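First comes the structure, then the notes that go with it.
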Protein chains: 2
Amino acid sequence: MKISSHCADNRKGLADTELAVRLAALSHPARIEILRHLARADSCCCGEVVGRLDLAQSTVSQHLKILVSAGLVRFKADGQRSRYAIDRPALRAVAEELACFASACCVDC
Amino acid sequence: MKISSHCADNRKGLADTELAVRLAALSHPARIEILRHLARADSCCCGEVVGRLDLAQSTVSQHLKILVSAGLVRFKADGQRSRYAIDRPALRAVAEELACFASACCVDC
DNA sequence: AATTTTCATCGTATATCGACGATAAACGAT
DNA sequence: ATCGTTTATCGTCGATATACGATGAAAATT
């Protein structure tokens, strides 16, 4: 397997910005905790998350929105609830992107 | 190999905060670009980085400081220059931490 | 000693983040 | 229709982040 074959398209400019955005979404303790919780429960409504986080409902809603817009969490309306589910492939993708960057495998692509 | 054996101590609270801090250092395009450049050159002085980034010298200096304080870059005075070098093991460690988190390997530790 | 080079720091301006309470909107139940 | 529940959004605030130019400090050069 060629090293570059598992490296995302990395013609710069855009790539760095997008990676940065995704890592930014992950760079807050509350959002990490939310993801951890979603990983356990597979799917949660906002209220469930609020019940665990010692943060106001509006704040949790904001964090969830950030995670959704970063593509790490999926949203689905469910009656008066909102179901949030972790997007495992997306999370893995970010981790792989960072791993690729870290091992300097993308030096020449 | 037990799954938990390569998972960092994760008794919560602190762990999430620390991961968040490291990811925050990585979540800026300029800093990603700086790391990429350091990875190629192995060691750079501030001016070299400034020459490539289209940012003011003071701004670059700030970003370098953030990377150093996050432990991702090492600093060494060298005459009137400042040598900055990427800390590959540290970078790998962050990537592994995120990978561990992503694969939900730390659910029960 | 004076000058130049290199870099860090200071001060400042602006933008974004993270938190909250209050409110609105949507839905289910009565 | 009304009420309670659930969630999103708005407005606001303090704090932090990001950028810059100007200044200062240290080392090399003249």
Side-chain angles (χ1 to χ4, degrees), chain A residues 13 16-38 41 43-86, chain B residues 13-14 16-38 41-86:
Chain A
D16 284 359
T17 301
E18 288 179 12
L19 178 56
V21 166
R22 291 174 215 177
L23 292 177
L26 284 163
S27 68
H28 192 287
R31 291 194 288 270
I32 292 180
E33 180 60 21
I34 289 174
L35 285 174
R36 205 189 298 281
H37 181 56
L38 288 180
S43 168
C44 284
C45 64
C46 180
E48 290 179 83
V49 180
V50 172
R52 309 206 174 226
L53 278 217
D54 207 38
L55 284 174
Q57 178 269 328
S58 57
T59 304
V60 171
S61 187
Q62 276 188 354
H63 282 306
L64 285 168
K65 185 179 184 178
I66 289 171
L67 287 169
V68 169
S69 69
L72 299 175
V73 165
R74 287 187 306 261
F75 165 83
K76 187 162 179 289
D78 174 24
Q80 80 191 123
R81 308 290 181 90
S82 293
R83 308 299 310 181
Y84 289 98
I86 194 169
Chain B
L14 261 195
D16 284 359
T17 302
E18 288 179 13
L19 177 55
V21 166
R22 292 175 214 176
L23 292 177
L26 284 164
S27 67
H28 192 287
R31 291 194 288 271
I32 292 180
E33 180 60 22
I34 289 174
L35 285 174
R36 205 188 297 281
H37 182 56
L38 288 180
D42 208 64
S43 168
C44 284
C45 64
C46 180
E48 291 179 82
V49 180
V50 172
R52 308 203 174 229
L53 279 217
D54 207 39
L55 284 174
Q57 177 269 327
S58 58
T59 304
V60 171
S61 186
Q62 277 187 354
H63 282 306
L64 285 168
K65 185 179 183 178
I66 289 170
L67 288 170
V68 169
S69 69
L72 298 175
V73 165
R74 286 187 307 262
F75 165 82
K76 187 164 180 287
D78 175 24
Q80 80 191 122
R81 308 291 181 89
S82 293
R83 308 298 310 180
Y84 290 97
I86 195 169

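Computed from a predicted model, the values in this text were never measured in an experiment.
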**OP:** Give the first and the last nucleotide of DNA chain D, reading 5' to 3', that has any atom under 4.0 Å from a heavy atom of chain B.
**Re:** D/dT18 to D/dA28

[X]: partners by side-chain hydrogen bond (donor to acceptor under 3.5 Å, both in side chains), with sequence neighbours left out:
{"X": "A/Arg22", "result": "A/Glu18, A/Glu97"}
{"X": "B/Asp54", "result": "none"}
{"X": "B/Ser58", "result": "none"}

**OP:** Summarise protein proximity over nucleotides 2-17 of chain C in one line of letters, 5' to 3': B for base, S for sugar-phosphate only, - for none, counting protein heavy atoms closer than 4.0 Å.
**Re:** ---BSBBB--------

Subject >> Main-chain N/O of B/Ala24 paired with B/Arg31 side-chain donor or acceptor, under 3.5 Å >> reply: yes

Subject >> Spatial distance of atom CZ (B/Arg74) from atom CD1 (B/Ile86) [nearest 0.5 Å] >> reply: 9.0 Å

Subject >> Atom pair CD1 (B/Ile34) and CG (B/Leu64), whose distance is rounded to the nearest 0.5 Å >> reply: 4.5 Å

Subject >> Non-neighbouring partners of A/Thr59 that pass side-chain contact (heavy atoms from CB on, under 4.5 Å), sequence neighbours left out >> reply: A/Leu55, A/Ala56, A/His63

